[in-house]
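Values below: all heavy atoms of this structure, side chains included; hydrogens, waters and symmetry mates excluded. Just so it is clear: chains get the letters A, B, ... in the order the sequence lines come, proteins before strands, and each one is counted from 1.
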Amino acid sequence: MDEKERKSKQEKKGNALKVSRRDFLKGAGATAIASTVSTLSPPLLTDAGAVALPLGVKEAVIQLNVNARPYRLKVKSHWTLLEVLRKKLGLTGTKRSCDRGSCGACTVILEGKAVYACSLLAMEADNKRVTTIEGLVEGEKLHPIQEAFVKYDGFQCGFCTPGIIMSVKALLDKNPHPSSDEMKEALSGNICRCSGYPKILESAMAAAQKG
Amino acid sequence: MNEKFKIIGRRQPKIDAWERVSGKAKFASDIYLPGMLYAKILRSPYPHAKVVNIDVERAKALPGVKAVLTFKEVPSYRWHADMPILTDTARFEGDDIAVVAAVDEERAGEAIDLIKVDYEILPFVLDPEETMKPGAPKIHPQGNIIDGKPLMLKRGDIEKGFKEADLVYENSYRTPQLQHVTSEPRVCVAHWEGGKLTLWDSSQNTFAVQAGLARALKIPMSKVRVICEYMGGGFGDKTSAERYSVLAGLLSRKTGLPVKIEFSREENFLSTHHRWPTVWYLKYGVKKDGTLTSLYAKVIADMGAYAHIAGAGQCLETVKSVYRCPNLQGEGYSVYTNKPEGGAMRCVGHPMPQFAQEVHMDIIAEKLGMDPVDFRLKNYARLEDGDQDRKFPFTSNGMEECIKKGAEAIGWRQRWQKPGSSPGPVKKGLGMAVHACRHGAMAEPSSGMVRINSDGTVNVLTGVADIGGGQKGTMAMIAAEELGFPLEVVSVTSADTEVTTDTGGTAGSRQTITGGTGIRLAAADAKRQILEIAAKELKTDKSNLEIRDGIIYPLGSDKGISLAEVLRKAPASIIGRGIGRVPQGVIFHTFAAHFVEVEVDTRSGKVKVIKLVAAHDLGRAINLMAVENQIEGGAIQGMGFGLMEDQILDKTTGICVNPNLLDYKLFTIKDVPEIHPIIVESIDPYGPFGAKGVGEPPYSVPAPAIANAIYNAIGVRFNELPINNRSILEGLKGLKA
């Protein structure tokens, strides 16, 4: 089976992510692994690189459920969830800003809890449910939290915004009617350098009142 | 002027809000191209060192590495003062020595570690006053004082002014080094293809990047396309072509593949522009009745290793323009030290003199026994004062209204008390400061294009980079208002050098007035063309026609014809073009007054800002909601300048000790007080619909207002920023002036 056939076969299996565009299926490992794909599990996304692994780095196949869509992919032991979301799954709404767990731009919801995707290894998310900002939009329709941020101008440059909206969602999922102080607490790990905080709070509280 | 606007002055959600809240907006850091390489820069670990030997062989041999460049392989192009693309002499910790492009970030990083560099460590200097002394380590061959001499300003005779004064007061002040901490660190993707370079850059000024790349790479500007559709904050750090974009271009040309360079947060602290530290000596003379008679200001602007701009001149502007005074002398030294490059940062050059001058004024008011508000009202530069050296009036001036409305909003007259009279361990105080600067002014280039489609919809083409101020939407509102079209039919394409026109970058609070004037004129030009075609079709004169909600009506008639219908009958290409010119013989300024209430816990040293009133004269608000957002955000950053932000270099090693967001403190949502923006509309006669800018001025006012409020609360003066818990506790112990 040559590469072209393999790709088209993968696509026919319903790979919604159009991985062929990013050439994820290139590389030596793909044939062997593709043959193990069962009809129940999603196709495997593998890395393009065929260079030998550095000492101490291991690889493993993990299963992620991102925005209610299942993925199987081979990851290296030191890859963060953030890297995998952005580079492997093409979900660039989750931002890299400090990459050291101190700004919140990469906030996603993991099993119902807001977490920094930069500070979680991809392997730690194996078999877990992840929601990213892309999971909130249905087609063109924004989530009510996003609508509130539009209406009340709850952002400036928008780079920290996906992380902020995910923190708000994680809070509202658990506590639909938080106080202003509870909302501030939930957002205290999200830095907005444009410092549009007053309108962020107004937007978030408006979303809370709606919900 | 017709005050009945359909669109101007609305609370309008941003035009690209959907993209920004949905995560679909593609920032430069979100660009991943097939086959793209990742580049990493090898940075000097020393603040001052000469590379005596560099060996890149092991890096080149690493599988996956596609190119390695050192200072030996790059063009000899220089920026500003002696900044090479890559250097053989490191002049600050983080200076760019070599660059590697590899198939992924990991391998690029690994290759960087494999480059062997032998450094000869040189003596370094960090203190801006030490660097001016004979025998200080020499950072550039031409000496450590930029231009070799100070910049001198002179108006009237300061000695005469001091003789006329009843009180002469002098003091010194210091401000620290700050980082922009843009949410999106510096990042670009360069793609060299078919003799042409396309660059996706996180940039406030794509046209400056285009020109800079063309110069550095010695290629025509027509062969460089720079695009910035979305960017994660600028605050002045991203106003020109920088080394990283040139390196990405060189690497892409060499490898034939797209190349991405994305700074880490630490790199962004070490190797970008910074708000330069300053040292101030102020000596002001004043009469008993509060009239200023003489102003003397000396500033040493610490521009770091490579001056992006000579900062002292920018710093002295504020001393020149806030107050009226016939006698003034300014002396400004811009100096080199072994620190990261000093450059533009929000309200470039102004927050530092603002802090010094407004604390100085507060002290003088107290010595005179005058209310600080009355002292400002007595001395602020009036409409007719304008540029007091060239004798040009201001275009508009809302300072008095800012001061009066702000004072009223905080209850100054009823609540302001004698300093240090607040009881208990947690003391409250009120403080204020004013501000005037040329930011928000009309500048050149100012241009724009408005294209009318055959279905009556509109494409606005503008060079304005929307850095988060909602600039794209502002351009749409201006175009729609001028055309008489509904806002919904207007689309905006921005900051793409291939298809838009130069408006000089989103810096200096200028785009509402500079980009906006270009677009207003372009829309007027398009409207003229529309009316000419319609007049012919309707067999009337164009002066008998008007456009309302996109429908063309004979004056006074309710029966109109849509533009689409006119164009169906008389097909035509309608392209409006606008070029703005800066009016001569007048000077633009924006004005502001801030009032704050603070609470100081004398046990912990913690300062809590309870309320901030920010009154701003911005000519006219185009988008009221975006204006409030700018005022609030700018004021919060300005509070950080007053209370927290400080990039610290270790004195014994010259190494930055806090290049991260845990140790470099920023305001979070929990630190934000109640903020009350007051919008003063002086209706500028030259700005589009009377507007001036507002992006930067809110930054400059809170720090001195807070310092003055802290004094009012605890009776201790601070002449150095930031005023953190430690400063307060030391000040209370009498350890500080």
Please determine whether a side-chain nitrogen of the Lys or Arg among [X] and [Y] lies less than 4.0 Å from a carboxylate oxygen of the Asp or Glu.
X	Y	answer
B/Glu266	A/Arg100	no
B/Arg11	A/Asp153	no
A/Lys87	B/Glu105	yes
B/Glu645	A/Arg193	yes

**Request:** Flag the one option from A/Ile191, A/Thr132, A/Leu142, A/Leu201 with the top tally of heavy-atom pairs under 4.5 Å to chain B.
**Result:**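 Heavy-atom pairs under 4.5 Å are most numerous for A/Leu142.
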**Asked** What residue in A/Gly93, A/Gly158, A/Pro162, A/Cys157 has the most heavy-atom pairs under 4.5 Å with chain B?
**Response** A/Cys157
Using non-hydrogen atoms only, which part of [X] is less than 4.5 Å away from chain B: side chain, backbone, both, or neither?
X	result
A/Ile165	side chain
A/His143	neither
A/Val137	side chain

Just wondering, do [Y] and [X] contact through their side chains at under 4.5 Å, heavy atoms?
X	Y	answer
B/Val21	A/Glu147	no
A/Ser195	B/Glu632	no
B/Ser22	A/Ile133	no
B/Trp18	A/Val150	no

**Request:** Establish, for the pair B/Lys14 and A/Phe149, whether the NZ or CZ atom is under 6.0 angstrom from the six-membered ring centre and no further than 45 degrees off its axis.
**Result:** no
**Item:** Within 45° cone of B/Phe27 ring axis and under 6.0 Å: A/Lys95 NZ or CZ
**Value:** no
How close do [X] and [Y] get, counting heavy atoms only, and between which atoms?
X	Y	value
B/Gly232	A/Phe159	CA-CB, 3.7 Å
A/Lys199	B/Met625	CE-O, 3.5 Å
B/Pro185	A/Ser97	CG-O, 3.6 Å

Look up atom [atom1] in [X] and atom [atom2] in [Y], then write down how far apart they are to the nearest 0.5 Å.
X	Y	atom1	atom2	value
A/Lys88	B/Tyr32	NZ	OH	10.0 Å
B/Asn629	A/Tyr152	CG	OH	14.5 Å
A/Glu140	B/Lys24	CD	NZ	8.0 Å
A/Cys192	B/Ile636	SG	CD1	8.0 Å
A/Asp99	B/Ser264	CG	OG	8.5 Å
B/Ile669	A/Ile200	CD1	CD1	6.0 Å

**Request:** Please check if atom NZ in A/Lys151 has more than 12 non-hydrogen atoms from other residues, nucleotides or ligands closer than 6.0 Å.
**Result:**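 Count not over threshold, so no.
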**Prompt:** Can you tell me if B/Thr668 uses its side chain to pair, donor with acceptor, with the backbone of A/Ser188 under 3.5 Å?
**Reply:**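 Looks like no, no N/O pair under 3.5 Å.
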**Request:** Say whether, by atom type as modelled, one donor and one acceptor occur between the side chain of A/Gln156 and the main chain of B/Gly469 under 3.5 angstrom.
**Result:**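 A pair under 3.5 Å: no.
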**Asked** Side chains of A/Trp79 and B/Glu106: donor-acceptor distance under 3.5 Å anywhere?
**Response**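 Distance-only check passes for A/Trp79 and B/Glu106.
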**Asked** Would A/Arg96 and B/Ser29 count as having a side-chain donor-acceptor pair, cut-off 3.5 Å?
**Response**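 No - no donor-acceptor pair under 3.5 Å links their side chains.
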**Request:** Measure distances from B/Phe235 to the heavy atoms of chain A and classify the residue's part below 4.5 Å as side chain, backbone, both or neither.
**Result:** side chain
**Message:** Can you list everything that forms a side chain to side chain donor-acceptor pair (under 3.5 Å) with B/Asn205? Sequence neighbours excluded, please.
**Reply:**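 B/Asn205 satisfies side chain to side chain donor-acceptor pair (under 3.5 Å) with no other residue.
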**Residue among B/Leu662, B/Asp16, B/Val181, B/Ile675 with most heavy-atom pairs under 4.5 Å to chain A** =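 Top option by heavy-atom pairs under 4.5 Å: B/Val181.
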**Asked** Can you tell which of B/Glu674, B/Met231, B/Glu262, B/Glu19 has the highest number of heavy-atom pairs within less than 4.5 Å of chain A?
**Response**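 Max contact count across the listed options: B/Glu262.
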